[in-house]
Chemist: 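Sharing a structure below in structure tokens format, with a few things to ask.
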Amino acid sequence: MIPVCRLDDLPAGASVRLDTTPPIAVFNADGALYAIDDTCSHQDASLSDGWLEGCLVECPLHAASFDLRTGEPTCLPARRSVRTHRVSVVDGMVHVHVTGVPSVPAEAGAVAGEGSAA
């Protein structure tokens with residue numbers, strides 16, 4: 001279980017990038033929290049820098065879109081899904097329960113800018 005940030009520091013529409021190996025992105029999609037591998041499966045781009053709309057995140061490079069609930073791409077050019085991870089909140093702190101075993105960062109990530117509507 002990796003601590004991410006305080007729930008209050010992750011408002012709706014925002015994302016956090018964890019510098020794990022591979023990187024993980026945590027999103028607040030209208031109050032629901034999701035975590036996926038942060039790198040687009042089409043090309044190396046940070047999904048936490050993408051546009052969030054509902055449960056979908058759009059890659060900032062080539063507009064591939066991924067469902068945050070499943071990690072599945074919803075359109076081309078992405079063809080491969082990204083891993084999803086379980087998220088929990090304990091005493092106001094957001095945690096990611098990682099699928100597999102990435103390297104844990106020395107310090108939890110900082111809140112990225114608010115996502116934009118696509």
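Every heavy atom of this structure was used, including side-chain atoms; hydrogens, water molecules and symmetry mates were not. Note that the coordinates shown come from a computational prediction; the quantities given were computed from them, not determined experimentally.
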Chemist: Quick one, H42 and C59 - any side-chain contact, counting heavy atoms below 4.5 Å?
Modeler: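 H42 does not reach C59 side chain to side chain.
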Chemist: Are V89 and V26 connected, step by step, through hydrophobic side chains (Ile, Leu, Val, Met, Phe, Trp, Tyr) whose heavy atoms are closer than 4.5 Å?
Modeler: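 Cluster IDs for V89 and V26 match.
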Chemist: Taking side-chain hydrogen bond (donor to acceptor under 3.5 Å, both in side chains) as the test, write out the residues that go with Q43, two or more places apart.
Modeler: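 So Q43 forms a side-chain hydrogen bond (donor to acceptor under 3.5 Å, both in side chains) with H62.
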Chemist: Give, for atom CG of D91 and atom CZ of R6, the distance between the pair rounded to the nearest 0.5 Å.
Modeler: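 Between D91 CG and R6 CZ, I get 8.0 Å after rounding to 0.5 Å.
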Chemist: Kindly give the heavy-atom pair with the smallest separation between A29 and L68, and that separation in Å.
Modeler: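 That closest heavy-atom pairing would be CB-CD1, 4.3 Å.
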Chemist: With no hydrogens and no angle check, is any side-chain donor or acceptor of R80 less than 3.5 Å from a backbone partner on S41?
Modeler: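 Confirmed, R80 side chain pairs with S41 backbone.
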Chemist: Return the CZ to CD1 distance between R83 and I36, rounded to the nearest 0.5 Å.
Modeler: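 Result: 11.5 Å between the selected atoms.
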Chemist: Just how far is it from atom CG of L61 to atom CG of D44, taken to the nearest 0.5 Å?
Modeler: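 CG of D44 is found 9.0 Å from CG of L61.
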Chemist: Which distance, rounded to the nearest 0.5 Å, do you find between the OG1 of T20 and the NE2 of H85?
Modeler: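 Taking OG1 in T20 and NE2 in H85, the distance rounds to 7.0 Å.
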Chemist: Quick one: do V82 and L56 end up in the same hydrophobic cluster if we chain Ile, Leu, Val, Met, Phe, Trp and Tyr together by side-chain heavy atoms under 4.5 Å apart?
Modeler: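 Not linked; separate clusters.
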Chemist: Flag the pair W51 / P60 as yes when at least one side-chain heavy-atom distance between them is below 4.5 Å, and no otherwise.
Modeler: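 Yes, their side chains come closer than 4.5 Å.
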Chemist: How close do A63 and C75 get, counting heavy atoms only, and between which atoms?
Modeler: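 Taking A63 first and C75 second, the nearest heavy atoms are O-SG, 3.6 Å.
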Chemist: Is it true that a side-chain atom of T99 and a backbone atom of T84 form a donor plus acceptor pair closer than 3.5 Å?
Modeler: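 Looks like yes, one N/O pair under 3.5 Å.
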Chemist: What are the two closest non-hydrogen atoms of S46 and D38, and how far apart are they?
Modeler: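 Result for this residue pair: OG-OD2, 2.6 Å.
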Chemist: Using only atom types and a distance under 3.5 Å, with no angle test, would you say the side chain of N28 pairs donor to acceptor with the backbone of L10?
Modeler: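 It does hold such a pair.
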Chemist: Work out which heavy atom in D37 is nearest to a heavy atom in P22; give both atom names and the distance.
Modeler: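 Smallest interatomic distance, heavy atoms only, reads OD2-CG, 4.1 Å.
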Chemist: Enter the distance from L47:CG to F27:CZ here, rounded to the nearest 0.5 Å.
Modeler: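 Here the interatomic distance stands at 6.0 Å.
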Chemist: Quick check: closest heavy atoms across P73 and A78, and the distance to 0.1 Å?
Modeler: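 In terms of heavy atoms, the two residues are closest at CB-O, 3.7 Å.
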Chemist: Any side-chain heavy atom of C5 sitting closer than 4.5 Å to one from V16?
Modeler: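 In short, these two side chains touch, coming nearer than 4.5 Å.
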Chemist: Rounded to the nearest 0.5 Å, what separation is found between the CZ atom of R86 and the CG atom of L33?
Modeler: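 The CZ atom of R86 sits 12.5 Å away from the CG atom of L33.
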Chemist: Under 4.5 Å between side-chain heavy atoms, hopping through other hydrophobics if needed: is there a path connecting V87 to V4?
Modeler: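 Hydrophobic grouping puts V87 with V4.
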Chemist: Mind jotting down which residue pairs meet the salt bridge (charged side-chain N to carboxylate O under 4.0 Å, His left out) criterion with at least one end in residues 61-74? Sequence neighbours excluded, please.
Modeler: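 Sorted result for residues 61-74: D67-R69.
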Chemist: Carefully, step by step, assess S48 and S15 under the rule side chain to side chain donor-acceptor pair (under 3.5 Å).
Modeler: CA-CA 6 Å; S48 62; S15 62; 4.7 Å; no
